[in-house]
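Down below is the structure, laid out as structure tokens.
All of these numbers come straight from a predicted model, not from anything done at the bench.
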Amino acid sequence: MPTPRKHQISLDATPYYHCTSRCVRRAFLCGLDTLTGKDYEHRRQWVEDRILFLGEVFCIDVCAYAVMSNHHHVVLHINSAEAHNLSHLEVCERWHKLYKGTRLTQKFLHGDKLDKAQWQAVKIKLDEWRINLANISRFMSCLNEPIARRANAEDQCAGRFWESRFKSQALLDEKALAACMAYVDLNPVRAKMAATPESSEHTSIKRRVEHLKAEHPEALKLAEFVGNPREPMPQGLPFHLADYIELVDITGRAIRENKRGHIDNQLPSILDRLNISSREWLVLTTQFESQFKSLVGCKARLLHAASTLGLKRKPAYRNCEALLN
């Protein structure tokens with residue numbers, strides 16, 4: 001019996017999660033349907049825009065994403081500190097970007113006067129919404145449901161659009177996080193949809209590169225890279241951006257058909273710092289979903305997370321032990 005989603009996500013184990021959803025239909029979520037001749041490529045922009053929008057509304061940072069033909073990937077960071085520090089008004093403003101709310105919360109948002117009982121009712125709602133703004137299940141629902149409704153309307157049909165609830169993997173340490181982000185950013189390269197990471201449409205790596213190159217860049221809307229772990233550690237991804245881009249580029253070249261199984265001898269510094277060999281890295285960035293289950297990290301972090309979540313079995317323990325030490 002599958003483990004309930006609420007038991008798969010624990011901030012005591014990690015704030016980082018890899019989530020993916022797949023389309024149930026023969027007709028692709030995006031791209032060209034060779035049978036009917038219909039082109040659904042424009043839907044990829046729907047998904048990308050929605051991901052970036054939700055990253056600004058929720059207290060959840062988008063670390064990486066890739067929108068593919070029949071599925072999408074996101075790597076998310078639950079920013080519980082941000083959720084805790086939001087004012088009541090900020091919580092209300094964010095929630096009303098997603099939903100209508102209640103008559104009383106609308107009055108509060110417009111600055112109307114509330115009596116004690118009304119304010120108490122509003123506060124109960126705001127406390128509930130504060131929790132939901134840092135909830136991955138709510139984030140994925142707000143991502144997938146509008147896309148399904150919009151695609152159904154365009155296809156003039158009804159019924160299920162996604163094959164199941166989203167799948168998630170907990171990323172327990174820096175190695176798992178770096179490998180998963182590279183795995184997600186390189187999806188189009190592995191699928192032969194793009195020749196290089198920077199030309200991979202509708203991916204976070206392309207957005208980051210364009211942001212770097214732009215003279216007057218728009219808001220990035222992605223989690224920031226803040227460098228190596230240190231004290232005090234700023235909020236953000238524990239790598240240097242230049243290291244990560246070099247890492248993705250070298251890995252992308254290493255897994256192309258004419259160079260499969262080979263990687264440049266001059267590895268990026270991030271690989272040395274995370275103590276990952278080139279062979280292990282290629283396995284991680286080409287087989288991430290197949291090699292690992294709900295928890296991904298080194299042996300010690302996996303055991304700790306399994307204990308925290310009350311799991312009797314340790315998912316993909318041998319692969320974590322072999323590939324992540």
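- There is no side-chain donor-acceptor pair under 3.5 Å between E246 and H240.
- Between F166 and R22, the closest side-chain pair of non-hydrogen atoms is not below 4.5 Å.
- At distances below 3.5 Å, not a single donor-acceptor pair connects side-chain atoms of R208 with backbone N or O atoms of I245.
- Among all heavy-atom pairs drawn from L86 and C59, the shortest one is CD1-SG, 3.5 Å.
- Here the shortest heavy-atom pairing between V296 and A176 reads O-CB, 3.4 Å.
- Summarising the geometry, atom SG belonging to C142 is positioned 6.0 Å from atom CG belonging to L54; distances are rounded to the nearest 0.5 Å.
- No donor-acceptor distance shorter than 3.5 angstrom exists from the side chain of D112 to the backbone of F108, with no hydrogens or angles considered.
- Counting only distance, with no hydrogens or angles, the side chain of R44 and the backbone of V67 share a donor-acceptor pair below 3.5 Å.
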Mind running salt bridge (Lys or Arg N to Asp or Glu O under 4.0 Å) on K97 and E56 for me, showing each step along the way?
-> CA-CA 10 Å; K97 291 180 180 179; E56 291 190 303; over 6 Å; no
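- Using modelled atom types, no side-chain atom of Q106 and backbone atom of G101 make a donor-acceptor pair closer than 3.5 Å.
- Here the shortest heavy-atom pairing between S141 and P146 reads O-CD, 3.7 Å.
- The distance between the ring centers of H72 and W162 falls below 6.0 angstrom.
- A donor-acceptor pair is defined here as one N or O able to donate and one able to accept, closer than 3.5 Å; such a pair exists between the side chain of T14 and the backbone of L171.
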Side chain to side chain donor-acceptor pair (under 3.5 Å) evaluation trace for Y65 with D185 | CA-CA 7 Å; Y65 66 85; D185 275 328; over 6 Å; no
Run the numbers on E224 and L241 for side-chain contact (heavy atoms from CB on, under 4.5 Å), then give the verdict.
-> CA-CA 8 Å; E224 298 281 355; L241 176 57; over 6 Å; no
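- Looking at R94 and E82, a side-chain N of the basic residue comes within less than 4.0 Å of a carboxylate O on the acidic one, giving a salt bridge.
- Under the 3.5 Å distance criterion, the side-chain polar atoms of D155 are left unmatched by any main-chain donor or acceptor of C157.
- A salt bridge links R207 to E218: one of the charged nitrogens lies within less than 4.0 Å of a carboxylate oxygen.
- Considering all non-hydrogen atoms of both residues, V91 and L126 come closest at CG1-O, 3.6 Å.
- The side-chain tip of R150 points at the ring of W46 from less than 6.0 angstrom away and within 45° of straight on.
- Between M68 and P188, the closest side-chain pair of non-hydrogen atoms falls below 4.5 Å.
- The shortest heavy-atom contact between V47 and L143 is O-CD1, 4.1 Å.
- A donor-acceptor pair shorter than 3.5 Å can be found between the side chains of S137 and R165.
- In this structure, the side chains of M181 and L237 come closer than 4.5 Å at one or more pairs of heavy atoms.
- Using a 4.5 Å heavy-atom threshold, the side chains of I60 and L133 count as separate.
- Aromatic ring orientation, Y183 versus H73: perpendicular (interplanar angle above 60°, classes split at 30° and 60°).
- Without hydrogens or angle criteria, S200 side chain to P197 main chain gives a donor-acceptor distance under 3.5 Å.
- Hydrophobic clustering, with ILVMFWY side chains joined whenever heavy atoms are under 4.5 angstrom apart, groups I205 together with L212.
- Ring geometry for W95 against W129 counts as parallel: the plane angle stays under 30°, on a 0 to 90° scale with 60° as the upper cut.
- Considering every non-hydrogen atom in both L76 and C63, the closest pair reads C-SG, 4.3 Å.
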